[in-house]
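See structure below.
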Protein chains: 2
Amino acid sequence: MQHQRPKIVDVARLAGVSTATVSRVLSNPDVVSAETRRSVEEAIRQTGYRLNHAARNLRHRRTGGVVALVPNLSNPFFSQILAGMAAVLAGAGYNLLIADTCAMGGETLLGYAEPSRADGLIVLDGTLPADGLKRRVPIVLACEWIPGIEAPRVKIDNRAAARVAVEHLIGLGHRRIGHVMGPPGNVLSEARLAGTEQALAAQGLPPPLVLPGDFSLDSGRLAGEAWLALPAEQRPTAVFLASDAMACGFIGEVQHCGLAVPRDVSVMGFDDIELVSHMTPALSTIRQPREAIGRRAAQCLLAMIGGEAPEGDIVLPTELVLRASTSPPVTTPAIKSREAGPARL
Amino acid sequence: MQHQRPKIVDVARLAGVSTATVSRVLSNPDVVSAETRRSVEEAIRQTGYRLNHAARNLRHRRTGGVVALVPNLSNPFFSQILAGMAAVLAGAGYNLLIADTCAMGGETLLGYAEPSRADGLIVLDGTLPADGLKRRVPIVLACEWIPGIEAPRVKIDNRAAARVAVEHLIGLGHRRIGHVMGPPGNVLSEARLAGTEQALAAQGLPPPLVLPGDFSLDSGRLAGEAWLALPAEQRPTAVFLASDAMACGFIGEVQHCGLAVPRDVSVMGFDDIELVSHMTPALSTIRQPREAIGRRAAQCLLAMIGGEAPEGDIVLPTELVLRASTSPPVTTPAIKSREAGPARL
DNA sequence: CACCCTCTTGCAATCGATTACAAGCCTCCG
DNA sequence: CGGAGGCTTGTAATCGATTGCAAGAGGGTG
């Protein structure tokens, strides 16, 4: 009859105590006398007893888990954020459930925002329907956010970061600057575009040449094609792309066609994913503190689960990382001869 | 008094039926008469009732979740595997819980392998202790595996794949070939090294120059430094690295020092992560079917959870992807003159 | 010796949904 | 008209652990 998984009453019987005492040994050992405790522990060992979490969760009315909704698990940008979250949550005894929002419908997703499924929710996808997420479990929004929802946001100042990036390009002497956007409608895309425009306008420069994109490698490659297709004298001498992945695709395409970076075009990315510091040329970019974003989001959520009032928005600092993909524009021969011409005579 | 979360008895009261009927409407609607069903559904809508999963799980003795143990979430190699798993599992109504094994101790990890936590376990980390994982929930091992454990494995033929990679290099005319290994003790590292050695031995060539590594970008960079530090005439003319990430680091370091790939050294990677097709030069590599690995592992686990006998090992095909980072060795001047010398006179 | 206090332990209700079993109601047939 | 059989529904036990309440043991004090 011992072929079944042992339950708490089996332990109790063997130790000659009540189930209440066994339970106390498990979750509140101090109130049990040392002697009893030892014999219960011995009985646990002998029976090979393991706690049933479903039962405990039912009683405690909590799940011990936190769900993260990620737009695309395949995107390496998110994995480090998740790693940061996982570290903090594990330290507090919480599981991290990860759900890929592109792999499932909205109905399924809402199922995760329930107290009986998770004690909290971290949303990394700004494209979810706002209405379904209201009045459920504590929620924190990280990176992207959903305009309609009242919840703390852990983010960076995308607009300011974009401005810094473009100011750097302007400072190098670039005047014709291109911008490759993220997916249309995305809050990050809009903010980074706005920052780009602001930086240019502040210097009295014309607005950027804007190319469409969606953060993916391949959309960066397509942007590269579009750039190459321009007449040489119309090409921006510097391009700021809203993600590193796109910058990689862009550079790959440009190099593939025999042009060089930064000689023929300066390129600036966004994110500072690990790989781009090892490319040739190493990519100049804006560093997002990905682990820190994950950690802060998790801490913020834990605080809310613990009953504290939700914090306001948390804005983490970014950093301009200058590497080898940006340089002053090379003056074109035509201009050079015009400028240098008189002196040469 | 309605400030509490409504339970099934609240719905039952409102609809004027018993809790059993409400439960049946929820999980087995066909046995309930159409009229009753409609009134119960109306009551559910009015109360805003939501099912309590903890209670259902307790009763069903299942959790509806599957845990994946991943060695390092930050590694983009795993994210696509997870995406594949998540897609299959979501389709079958299971959650995917992801745990980063490097963020937690072994004790914590074993806690995931319990029937009350998860209905199954997919292990992607070969370095876990074998003993703790026995006799718990259904387990599938993917990519890496744990020698002591009896469980279906979803994998590729690492040795054969490495052989194919090295045969390609040999076929191009390379004779001095280097290999940068994965982490010591790892089953993948061993198999890929063995395949490399086999391919060389089969052609009567000397064993490879073996450099240490750990799959990470930075260890690839260090391998690049080590390669550069060799006297030019001892440097392998081709290097096969056990991961794409290392290949990126290696190429970055070599290019950084002014040498060119593949002119000065052919480089071959392993994995075919998305980024490497966009680098310059585009990386020749072995493609692992990552999504398929995740999908097959999930399917296999679902079958086991469903009570089917565990399948045998599943070996998925790899593919040699030839791009621009490999080419015939450039004959060195010394050799060239020796060979061409007589003819020249 | 009666009384109070502290420490340990057990009893039994509870968390919320599921389901085996039985009962009630119809209809149909011999 | 009695009974078999099909539907639908309700009753109550069950899943396994937790915990408020109270009782019993032991020690100290007036």
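Throughout, protein chains are lettered first and strands after them, A, B, ... in sequence-line order, and every chain is numbered starting at 1.
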Whole-Å gap separating P (C:dA17) and CD1 (B:I8): 5 Å

Could you check A:V22 against B:V31 and say which one's nearest nucleotide on DNA chain D is further toward the 5' end? B:V31

Can you confirm whether the side chains of B:D125 and B:T101 place a donor and an acceptor under 3.5 Å from each other? yes

Identify whether any heavy atom of A:T21 sits under 4.0 Å from a base atom; if not, whether one sits that close to sugar-phosphate; answer base, sugar-phosphate or nothing. sugar-phosphate

Residues A:E41 and A:R45 bridged, charged N to O under 4.0 Å: no

Looking for any heavy atom pair under 4.0 Å, which part of the strands does B:V32 touch: base, sugar-phosphate only, or nothing? sugar-phosphate

Taking atom P of C:dC15 as reference, at what distance in whole Å does atom CZ of B:R50 sit? 21 Å

Which is true for B:S33 with a 4.0 Å heavy-atom rule: it touches a base, it touches only sugar-phosphate, or it touches nothing? sugar-phosphate

Quick check on D:dG16: is either OP1 or OP2 less than 4.0 Å from any side-chain nitrogen or oxygen of A:Y49? no

May I have the distance from B:H60 (atom NE2) to C:dT19 (atom P), rounded to whole angstrom? 5 Å

Using a heavy-atom cut-off of 4.0 Å across all strands, would you classify A:V17 as base, sugar-phosphate, or nothing? sugar-phosphate

Is any side-chain N of the basic residue among A:R38 and A:E42 closer than 4.0 Å to the acidic one's carboxylate O? no

Whether the side chain of A:R24 and the base of C:dG10 hold a donor-acceptor pair under 3.5 Å is what I'd like checked. yes

Measure from CG on B:D10 to P on C:dC15 and round the result to the nearest Å. 11 Å

Which of these nucleotides, D:dT19, D:dT11, D:dT8, is closest to any side-chain atom of B:T36? D:dT8

When you check the side-chain N and O atoms of B:T47 and B:D10, is any donor under 3.5 Å from an acceptor? no

Mind calculating the distance between CG (A:N52) and C1' (D:dT18) to the nearest angstrom? 13 Å

Provide, to the nearest angstrom, the distance between the CZ atom belonging to B:R13 and the P atom belonging to D:dG10. 14 Å

Does the side chain to side chain contact (heavy atoms under 4.5 Å, CB included) test come out yes or no for A:I122 and A:I139, once each step is laid out? CA-CA 6 Å; A:I122 301 181; A:I139 295 184; over 6 Å; no

Between P on C:dC7 and CD on A:E35, what's the gap in Å once rounded to a whole number? 18 Å

What's the closest nucleotide to the B:R59 side chain, out of C:dG10, D:dT18, C:dT19? C:dT19

Check this one for me: any side-chain N or O of A:R56 less than 4.0 Å away from OP1 or OP2 of D:dT18? yes

For D:dG16, take OP1 and OP2 only and decide whether either is under 4.0 Å from a side-chain N or O of B:R61. yes

Specify the residue among B:A20 and B:L58 whose closest nucleotide of DNA chain C lies further upstream toward the 5′ end. B:L58

Separation of C:dG16 P from B:L26 CG (nearest whole Å): 15 Å

